[in-house]
Participant: 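Pasting a structure below so you can have a look.
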2 protein chains.
Amino acid sequence: MVSGMNAPASRKGAATRDQILDAAETAVLAKGFAGTSIDELIAAVGITKSGFFYHFKDKGALAKALLERYIAREDALFDDLFSRADELNEDPLHGFLVGLKMLSELLADLPTGHPGCLIAAYCYQDRLFDREVRALNTRATLGWRRRFRDRLDRIAARYPLRADVDLDDVADMLLVVADGGIILSKAVGETSLLPRQILLYRDYLRHLFQA
Amino acid sequence: MVSGMNAPASRKGAATRDQILDAAETAVLAKGFAGTSIDELIAAVGITKSGFFYHFKDKGALAKALLERYIAREDALFDDLFSRADELNEDPLHGFLVGLKMLSELLADLPTGHPGCLIAAYCYQDRLFDREVRALNTRATLGWRRRFRDRLDRIAARYPLRADVDLDDVADMLLVVADGGIILSKAVGETSLLPRQILLYRDYLRHLFQA
DNA sequence: GAAAAAACTGTACCTACGGTACAGCTTCGG
DNA sequence: CCGAAGCTGTACCGTAGGTACAGTTTTTTC
């Protein structure tokens, strides 16, 4: 049960493993993957180097586990957010607009700003990772495109599209605005930049589907 | 003349220095800053370690020089692009729209896709750099905000804004879409994604200022 | 409560990289 | 032909990633 799926919570090792991943995620988003040393992670968690290598066979296994956990959490967040928005609203357009509003508020409530997107971090360091990890990145992104594209299709079935745009591109644009917003938020040091950009995307959607 | 401003082209050292920066930029965008070794740079350029340290007192000086050159080049590109668009067009809105079209086409013509934005790469590794470098990043980004904000103000003087949006946010959104577009382009491996996202931003601008 | 599996620790060692120090050589413009 | 610019060569240090593996403690299971 060293590598592979998340161990059942009953096992103690899973807690340590998660602590390592927590420390690693923070560090990788602040210093990059190569800039994150195993020594600092074990110091943060309070284990030895041997303990680290018990959980991850090498640094590459850490990279993969980190990304897998991140993707699973983001998926769960989107599931939760937009299913709640759907419950509040019958109409697919209004449901999406409500979901985006909730997303923006959720991001605005992060006191120190968004910590960063692991997908983006990995993209800017992709030569450090093997094919498997890069494929994971691609697959997750395409999955999110499909997720939002499906919602846009449901909206387009009821509302006319007021511009000649590809709905895949419009779906991508949410992730584009989110990832770009995180970067600009970090660059200028304004935590409110990201949630405001999400609202701009929301406004564009209204424009696209409504009078 | 070791550090500081770009040396005059007549000096041979400037050519070597630029070669180091070329190799470094490619490597940093692919593997991150910490993942880029000085050894690989000197191997790529064909000099010795001593030669490297003749040009840069340490790796931090390389980071700073790299970012300075990148910012100067991007500034020059924006100057060139939008001044050409302005010459073709009297109207500020149409001028901006033409400039965005040209930007999109320029990005579409890159055969292997956009190599990446150094600002974004540095944001995701900012703990590796000193205050000076981080301040440079912030200043450049704010400069670009101001640049586009000024154009938007000139547009808003002639065209009514069709939504309750902050023009600083709209200005930021171009960089947001560009940086986010680069990331998604890399993530899904579609070089055409970024130029298409620029066109979506262009479409949003039309929506915002026209009927 | 004992056996077995899980979750570690400790020690030793290797290579690569960032960095420092400094002496010497070569090339080129004035 | 001199002096500065632009390097090379050598030697050395500390830290980090990684390997190997034997031993120990903790937890789970029967």
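The basis for the numbers below is simple: all heavy atoms, side chains too, and nothing from hydrogens, waters or symmetry mates. Naming: A, B, ... by sequence-line order, numbering from 1 per chain.
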Participant: For the pair made of CZ in B:F52 and P in C:dC17, what is the distance, rounded to whole Å?
Facilitator: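 Interatomic distance, CZ of B:F52 to P of C:dC17: 14 Å.
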Participant: Mind checking whether B:Y124 and A:Y124 have ring centres under 6.0 Å apart?
Facilitator: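 For B:Y124 and A:Y124, the ring centres are not under 6.0 Å apart.
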Participant: Please work out which residues in residues 27-44 of chain A have a non-hydrogen atom less than 4.0 Å from an atom of DNA chain D and list them by number.
Facilitator: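 Contacting residues: A:T36, A:S37, A:I38, A:D39.
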Participant: Distance check needed: C:dA6 P versus A:F56 CZ, whole Å only.
Facilitator: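 Interatomic distance, CZ of A:F56 to P of C:dA6: 17 Å.
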Participant: Please tell me if the side chains of B:L208 and B:V165 come closer than 4.5 Å, counting only heavy atoms from C-beta onward.
Facilitator: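 Yes, at least one pair of side-chain atoms sits under 4.5 Å.
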Participant: For a quick test of your reading: what N or O donor-acceptor pairs under 3.5 Å do the side chains of residues 168-176 of chain B make, sequence neighbours left out?
Facilitator:
residue, atom, partner, partner atom, Å
B:D168, OD1, B:R149, NH1, 3.2
B:D169, OD1, A:R196, NE, 2.8
B:D169, OD1, A:R196, NH2, 3.1
B:D169, OD2, A:R196, NE, 2.9
B:D172, OD1, B:R145, NE, 2.8
B:D172, OD2, B:R145, NE, 3.3
B:D172, OD2, B:R145, NH2, 2.8

Participant: Side chains of A:H114 and A:K186, heavy atoms from C-beta outward: is any pair under 4.5 Å?
Facilitator: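 No - every pair of side-chain heavy atoms lies 4.5 Å or more apart.
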Participant: Just to be sure I understand: a Watson-Crick pair is purine N1 to pyrimidine N3 plus N6-O4 or O6-N4, both under 3.5 Å. Using that and G-U wobbles, which stems of three or more pairs involve DNA chain C?
Facilitator: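 Ordered by first number, the stems with DNA chain C (at least 3 consecutive pairs each) read C:1-30 with D:1-30.
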Participant: Shorter than 3.5 Å, N or O on both sides, protein versus nucleotides 9-12 of chain D: list them out with atom names.
Facilitator:
residue, atom, partner, partner atom, Å
D:dG9, N7, B:S50, OG, 3.1
D:dG9, O6, B:S50, OG, 2.4

Participant: How long is the line joining CG of A:D18 and P of C:dA7, in whole Å?
Facilitator: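 Roughly 13 Å, once rounded to whole Å.
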Participant: In whole angstrom, what separates B:R17's CZ from D:dA5's P?
Facilitator: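 Those two atoms, CZ and P, are 15 Å apart.
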Participant: Taking NZ, NE, NH1 and NH2 as the nitrogens, is one of them in A:R69 or A:D22 under 4.0 Å from a carboxylate oxygen of the other?
Facilitator: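 Between A:D22 and A:R69 there is a salt bridge, with a charged N closer than 4.0 Å to a carboxylate O.
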Participant: Could you check how far NZ of A:K57 sits from P of D:dG18, rounded to whole Å?
Facilitator: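 In whole Å, D:dG18 P and A:K57 NZ are 10 Å from each other.
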Participant: Can you tell me how far P of D:dG17 sits from CG of A:L128, to the nearest Å?
Facilitator: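 It is 13 Å, rounded to the nearest whole Å.
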Participant: Which residue pairs pass the ring-ring contact (aromatic ring centres under 6.0 Å, His included) test with at least one member in residues 166-203 of chain A, sequence neighbours excluded?
Facilitator: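 Every pair satisfying ring-ring contact (aromatic ring centres under 6.0 Å, His included) with a residue in residues 166-203 of chain A: there are none.
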Participant: Does the distance from a Lys or Arg side-chain N to an Asp or Glu carboxylate O, for B:D80 and B:R84, drop under 4.0 Å?
Facilitator: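 Looking at B:R84 together with B:D80, the answer is yes, because their closest N to O distance falls below 4.0 Å.
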Participant: From NZ of B:K59 over to P of C:dG19, roughly how many Å is that when rounded to an integer?
Facilitator: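 So the NZ-P distance, B:K59 to C:dG19, works out to 7 Å.
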Participant: OP1 or OP2 of D:dC7 sitting under 4.0 Å from any side-chain N/O of B:Y54?
Facilitator: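 No, outside the criterion.
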Participant: How far apart are the C-alpha atoms of B:D75 and B:R147, what are their side-chain angles, what is the distance that settles it, and do they pass the salt bridge (Lys or Arg N to Asp or Glu O under 4.0 Å) test?
Facilitator: CA-CA 10 Å; B:D75 262 326; B:R147 173 192 288 266; 3.1 Å; yes
Participant: What is the distance from CD1 of B:I47 to P of D:dT8, rounded to the nearest Å?
Facilitator: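 For the pair B:I47 CD1 and D:dT8 P, the rounded distance is 6 Å.
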Participant: Would one find a side-chain N or O of A:H55 under 4.0 angstrom from OP1 or OP2 of C:dA6?
Facilitator: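 Looking at the OP1 and OP2 atoms of C:dA6, neither is under 4.0 Å from any side-chain N or O of A:H55.
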Participant: Name every donor-acceptor pair, under 3.5 Å, that has one atom in a side chain of residues 97-106 of chain A and the other anywhere in the protein, sequence neighbours excluded.
Facilitator:
residue, atom, partner, partner atom, Å
A:S104, OG, A:P195, O, 3.0

Participant: Under the 3.5 angstrom rule, does the side chain of A:D203 hit a backbone N or O of A:R206 as a donor-acceptor pair?
Facilitator: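 Side chain of A:D203 to backbone of A:R206, a donor-acceptor pair under 3.5 Å: no, none is there.
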Participant: So does A:A187 get a backbone contact from the side chain of B:T138, meaning a donor-acceptor N/O pair under 3.5 Å?
Facilitator: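 Present.
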